[in-house]
Amino acid sequence: MLSINEVQGTALKAARGAGLPLGQAEDLSRVAAYLVGIGGDAGVVTAALQEPVRAVQASWDADGVSVSGSAAMIAPVICDAFRMGYASVTFDDLRHSSYIGAALAVAGVPLWWDGCTIGRGDSEILPAKPGPVTVPQPDWDIWLALASRTYVPETETSRRDGAGAGLTDND
Amino acid sequence: MKDLALPAQKALRPPAKVMRLRRMGAAFPTRLSFLRTLLRRLAADNATVTRPIWRMTPEGFGHATYQVRLGGHDYTLVAVATDLPAEERTDRVIATAWDTSYVLYDGIPTEAELARIVTDAPRQEAARFGPRDLVLSRANKSVRLFDHVVAALRAGRQPDADRLRRTGYLMRTTAVYGNGKFGIADRGRIAARPGLSGPFMAEMLAVWLIRGFTHDLAEHIGGAPLSRVTRRNLGIGNATGLGMAPFLVNHPLLLDAWMQVRETAIARVRAIPALDADRIGRIYDLVTRAAGHLAEWEVPDHIAADRIATIRAEWPDFAATLTPEVLTGPEPIDRIITQSAQFSVDTQELIAALMLEPFGDLVDGLTDCMATPFVPDLDPAMTCADLAGLIARDWDWACAADYNSAEACARFWYVSEAKLEPRLGDRHAEDGADLETPLDIARQVKALACDLPDDATPVGRFLGDYPAHRAAVRRVQTLAAHPYAEIRDNLIGADCLPIDILRCKLAFFGAARFDPKSDRWTRITLCQGAPLFDELDNADDWWLPVAAH
């Protein structure tokens, strides 16, 4: 069993470890907390974390937006598009649907779906429940491994000086 | 019809002044601090603390429970005392064993739950905890004081008052974990609970109960009671490192809420048109008490010692400004705070904290606004020109720096692989900067400003082309709506003193007697002078306590 805070915090570090920019990593961590909070599939987050980061290509037309890139990179753009008033968005990879759907739920945008095209709809947005929650161990192990990429190996200098208290502070 | 008009207030002190690190690092506890708020609430609830379990060897090893009912809910502190070999005692977070360990439990634990906690609490980070465990903590005995107190009690004496005064606590916590750490309950479990809905209330409740346990343990081993005065003078110590600094940076709305409340309180007391004789007398008493506190506040750190010396030197001059003419004149608090500009930043902040103390009726209700359920949002429809305008208005302190210079990017924050604790490194002398924790907010915003077009492009479209600026856009927009949300200094600069961040947060907790051990580590005292378990009917007059005799 995990707390929501552990899930969100680990997902944030994992996203940074996976090479996502900070803002997209923050968004992914909220998606992770939401998904596990509704009992959803944590594998959706794992897939987004493992997908190579691809830059966003976006075409903004009056009728809608077309966007391509990796899921964690395009989901924020899609959320922004709806909040800017665009009626529909088309993305290029159907495998990104679950992550994009969760990201839009976090943003409070109900949807209709037509393949890789989505629009503002009237679907129900499930509320996330408070913890404790579970993340399947294989997913969690992947998240932890990615998070560990943000950790700096210890040196004697960092151990002695990095936290400012030396090795002991007995009273 | 009830008058719901808000109290009058002056203008708030501007964020550009309040949110500089030097001033944040001069913060003092106030009556709005979390411990004060908690104890007022406990008093209002007529809370009583009981100790249903005390299973200790004569040497003081075993476990105990303390129960308290608050807001219609029962909470139990489980305290575990173990025999810690001297060679394993370290108060650094890298320790793996402690004299005592604690869990604040939601409800009354069954024997099975109690057995689980007694087994797991001493393991701390190495164990896993559950959703009814609200707070996890540990504390080590103060080597300099605990044995002396026990020896004195065994000899039939009270401990030496001067030694008590110099230390101020029997034990020192080295971590007080809440909000989901190591599997304990998320804050969401208690966020709506009466009495625990404010920030860090569960942690403060744990700390206050731990303080009482330390008294009981010393009396148990010593075989005699401490005097009431002695117990009241004994708070609970804490040693705090860099972990607190990222918290404030990563919770900008919470920081804004705390600061807005404190600054609104100051603005309200400044608008008081006149003082009656009782309030004037109270101010004089508090000025005297603060002088006593300053006299007892001795620290070895030379920067802190110099600052304290300056306050001590200025305090009589400040007291001299409190003439009958000022105190009986119009808007006296506003005049006092305005006049305080002649003193050092530290003295100014002490004066501001003091001036809140007599006016609980006017400011205490503001503490209901210190928690926030919200998180920073991003408005993609804002134009880039408007965003650029916000940067020009609010972020001059960030954009003025040249982050290519060695000084402006001298430090980097990181998380250590070995202990997963935040640390600060020297970018130009240590490895690891490529993995730095992104607390370089000022640098991020300047980079955004450099790429931002001054036109009507919506921010959302801009971020499609420049996704790396997403976090910075969110910070800029957040600050526009929450003006106290940002520490307005370069946190990777050579002159950044993280201790200033720590002190600000700790002052909001209610800490006093800051005793820095470096620029990133400090000892503090909590609950010194605070009511004992059976003194909650006198719960609210312990701001900057002076050791009673």
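Residue numbers start from 1 in every chain, and the chains themselves are labelled A, B, ... in the order their sequence lines are given, proteins ahead of strands.
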ask   = How long is the gap from CZ on B:Arg475 to CG on A:Leu22, to the nearest 0.5 Å?
value = 8.5 Å
task = Would you mind checking if B:Arg474 and A:Asp27 are paired as a salt bridge, meaning a charged N to carboxylate O distance below 4.0 Å?
result = yes
inquiry  = Enumerate the ring-ring contact (aromatic ring centres under 6.0 Å, His included) contacts for residues 114-136 of chain A, please, sequence neighbours excluded, ordered by first and then second residue.
reply    = none
ask   = Under a 4.0 Å N-O cut-off, is there an ion pair linking B:Glu436 with B:Arg443?
value = yes
inquiry  = Please tell me whether B:Thr240 and B:Asn238 have a donor and an acceptor in their side chains that are separated by less than 3.5 angstrom.
reply    = yes
note = When the 4.5 angstrom heavy-atom criterion is applied to A:Arg30 and chain B, the contacting part is side chain
task = Could you tell me which of A:Thr150, A:Thr155, A:Val67, A:Val77 has the largest number of non-hydrogen atom pairs under 4.5 Å with chain B?
result = A:Thr150
task = Flag the one option from A:Met1, A:Met73, A:Glu26 with the top tally of heavy-atom pairs under 4.5 Å to chain B.
result = A:Glu26
request  = Could you tell me which of B:Asn250, B:Asp431, B:Val375 has the largest number of non-hydrogen atom pairs under 4.5 Å with chain A?
outcome  = B:Val375
request  = Check whether the side chains of B:Tyr177 and B:Glu125 place a donor and an acceptor atom closer than 3.5 Å, and report yes or no.
outcome  = yes
remark   = So the ring-ring contact (aromatic ring centres under 6.0 Å, His included) pairs with at least one residue in residues 82-141 of chain A (sequence neighbours excluded) are A:Trp60-A:Tyr86, A:Trp140-A:Trp143
inquiry  = For B:Asp377, which atoms come within 4.5 Å of any heavy atom of chain A: side chain, backbone, both, or neither?
reply    = side chain
ask   = Side chains of B:Gln444 and B:Pro438: closer than 4.5 Å at any heavy-atom pair?
value = yes
ask   = chain A: which of B:Ala472, B:Gly464, B:Pro467 shares the most heavy-atom pairs with it under 4.5 Å?
value = B:Pro467
message = Quick check on the interface: out of B:Gly180, B:Pro380, B:Ala471, who has the most heavy-atom pairs with chain A under 4.5 Å?
response = B:Pro380
inquiry  = Distance check, rounded to the nearest 0.5 Å: B:Arg411 atom CZ versus B:Asp440 atom CG?
reply    = 14.5 Å
B:Pro376, part contacting chain A, at a heavy-atom distance under 4.5 Å = both
ask   = Of B:Ile441, B:Leu448, B:Leu378, which is the lone residue that meets side-chain contact (heavy atoms from CB on, under 4.5 Å) with B:Val476?
value = B:Leu448
remark   = Looking only at A:Cys79, A:Gly131, A:Pro130, A:Pro153, the option with the highest number of non-hydrogen pairs under 4.5 Å against chain B is A:Pro153
ask   = For B:Arg187, is it the side chain, the backbone, both or neither that has a heavy atom under 4.5 Å from a heavy atom of chain A?
value = neither
message = Please output the residues of residues 32-55 of chain A in contact with chain B, using a heavy-atom cutoff of under 4.5 Å, in numerical order.
response = none
key: Set of residues satisfying salt bridge (charged side-chain N to carboxylate O under 4.0 Å, His left out) with respect to B:Asp147, sequence neighbours excluded   = none
Residue B:Ile184 versus chain A: region with a heavy atom under 4.5 Å = backbone
